[in-house]
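Only one structure is covered here, and it is reproduced in the block below.
Values reported hereafter were calculated over all heavy atoms of this structure, with side chains retained and with hydrogens, waters and symmetry mates removed.
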There are 2 protein chains.
Amino acid sequence: MAVNSDMMRGMAEPVILKLLNHKKMYGYEIIKVVNEKTNNAFQWKEGTLYPCLHRLEADGLIESEWEIADNGKPRKYYTLTKKGQAEMAAKVEEWSHFAQAVNTLLFA
Amino acid sequence: MAVNSDMMRGMAEPVILKLLNHKKMYGYEIIKVVNEKTNNAFQWKEGTLYPCLHRLEADGLIESEWEIADNGKPRKYYTLTKKGQAEMAAKVEEWSHFAQAVNTLLFA
DNA sequence: TTGACATACATCGTCACTCGATGTATAATT
DNA sequence: AATTATACATCGAGTGACGATGTATGTCAA
């Protein structure tokens, strides 16, 4: 039930920002949570997520800090900035418009 | 209220197939109808639509024939093939899965 | 009548992104 | 000892949207 990858485009950023608005997370965790929450309709890979996280950080929407987990592995935790919160709200709004437009075209 | 172009990716094909399932249309008409129906949330351009139509025709999902309109302009009308109908149904279904996955992530 | 605008087709180069492959490293499991 | 899971990261190939550009004709107002 995997979704066409082309549809994914443009959704990674709003989804990441929304998740980080809830709590700080690290990359590998985001991949697992997204894939699980969508029952693998989304199948994110490292090659997709990490460049995206770096992009968001470069844009000042998220910040990172290293921590050592209980299992001894270093994790880079990301948190949302003020700018990121505003961007998140805008992108969620944008999704609503987009989804409504598509529904109009496909089911009207 | 224009939508991020990245979100558009993967939506052009299902939308075109759906429109052509309703009636035969020509390229310029599709652009106008889509932009109007979405209140310009979608802002399709020639550079987006025509290559997409050629792709769909090469894949055997749509067929074309020239007609001369009342205003004297030649128009290339597109119709949906049997294969295109099946693909259309599959892609609409895929959209539903995708939209639900995104809603789960953004509003849960 | 002439210039602007709409209609209608089309292509091309640039830019950006996804994905699979690959790499490094450690801990846990078998 | 080998495999799997965790966790970071990069790179190249392929894809596709978009703006710009081109061609051609019809309409309409200044």
Just jot down the salt bridge (charged side-chain N to carboxylate O under 4.0 Å, His left out) partners of A:E63, sequence neighbours excluded, or say none.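 Once residues adjacent in sequence are excluded, A:E63 has no partner under the salt bridge (charged side-chain N to carboxylate O under 4.0 Å, His left out) criterion.
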Is there any salt bridge (Lys or Arg N to Asp or Glu O under 4.0 Å) pair reaching into residues 47-56 of chain B, and which pairs are they, with sequence neighbours excluded?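 Qualifying pairs: B:E13-B:R55.
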Could you check how far [atom1] of [X] sits from [atom2] of [N], rounded to whole Å?
| X | N | atom1 | atom2 | value |
| --- | --- | --- | --- | --- |
| B:W66 | C:dC9 | CH2 | P | 6 Å |
| B:I31 | C:dC9 | CD1 | P | 8 Å |
| A:M25 | D:dA7 | CE | C1' | 14 Å |
| B:L49 | C:dA8 | CG | P | 13 Å |
| A:N35 | C:dT18 | CG | C1' | 14 Å |
| B:E67 | C:dC9 | CD | P | 12 Å |
| B:L53 | C:dA8 | CG | P | 14 Å |

Give a yes or no answer on whether the side chain of B:K18 reaches the backbone of B:V92 with a donor-acceptor pair at less than 3.5 Å.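 Looks like no, no N/O pair under 3.5 Å.
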So does A:L17 get a backbone contact from the side chain of A:N21, meaning a donor-acceptor N/O pair under 3.5 Å?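 Checked: no pair found.
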Is there a path of hydrophobic side-chain contacts, each under 4.5 Å between heavy atoms of I, L, V, M, F, W or Y residues, that connects A:I68 with A:M25?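 Cluster IDs for A:I68 and A:M25 differ.
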Counterpart residues, ring pair (Phe, Tyr, Trp, His ring centres under 6.0 Å), relative to A:Y77 (two or more places apart):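 Partners of A:Y77 under the ring pair (Phe, Tyr, Trp, His ring centres under 6.0 Å) test: A:Y26.
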Considering just the side-chain nitrogens and oxygens of B:Y50, establish if one lies under 4.0 Å of OP1 or OP2 belonging to C:dC9.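 Yes, within the criterion.
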For D:dT10, does either OP1 or OP2 sit under 4.0 Å from a side-chain N or O belonging to A:H54?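 True: A:H54 side-chain N/O within range (under 4.0 Å) of D:dT10 OP1/OP2.
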Decide yes or no on side-chain contact (heavy atoms from CB on, under 4.5 Å) for B:V34 and B:L19, but give the supporting numbers first. CA-CA 9 Å; B:V34 165; B:L19 289 175; 3.6 Å; yes
Looking at CE of A:M11 and NZ of A:K91, how far apart are the two atoms once the value is rounded to the nearest 0.5 Å?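 Output value for this atom pair is 9.0 Å.
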Please indicate whether B:Q100 has more than 12 foreign heavy atoms, meaning atoms of other residues, nucleotides or ligands, lying under 6.0 Å from its CD.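 Counting other residues, nucleotides and ligands, CD of B:Q100 stays at 12 neighbours or fewer.
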Would B:N4 and A:F98 count as a side-chain contact (heavy atoms from CB on, under 4.5 Å) if you check the C-alpha gap in whole Å, the side-chain angles of each, and the deciding distance to 0.1 Å? CA-CA 9 Å; B:N4 184 320; A:F98 173 71; over 6 Å; no
Just the atom pairs and distances: protein N or O near nucleotides 14-21 of chain D's N or O, under 3.5 Å.
| from | atom 1 | to | atom 2 | distance (Å) |
| --- | --- | --- | --- | --- |
| D:dG16 | O4' | B:R9 | NH1 | 2.9 |
| D:dG16 | N3 | B:R9 | NH2 | 3.4 |
| D:dC18 | OP2 | B:T48 | OG1 | 2.5 |
| D:dG19 | OP2 | B:K45 | NZ | 2.7 |

Sub-3.5 Å pairs of nitrogen or oxygen atoms, protein against nucleotides 1-7 of chain C:
| from | atom 1 | to | atom 2 | distance (Å) |
| --- | --- | --- | --- | --- |
| C:dT7 | OP2 | B:Y28 | OH | 3.4 |

Give the angle between the helix axes at the two ends of the helix from C:dT1-D:dA30 to C:dT30-D:dA1, taking five base pairs at each end and rounding to 10°.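 Result, rounded to 10 degrees: 10°.
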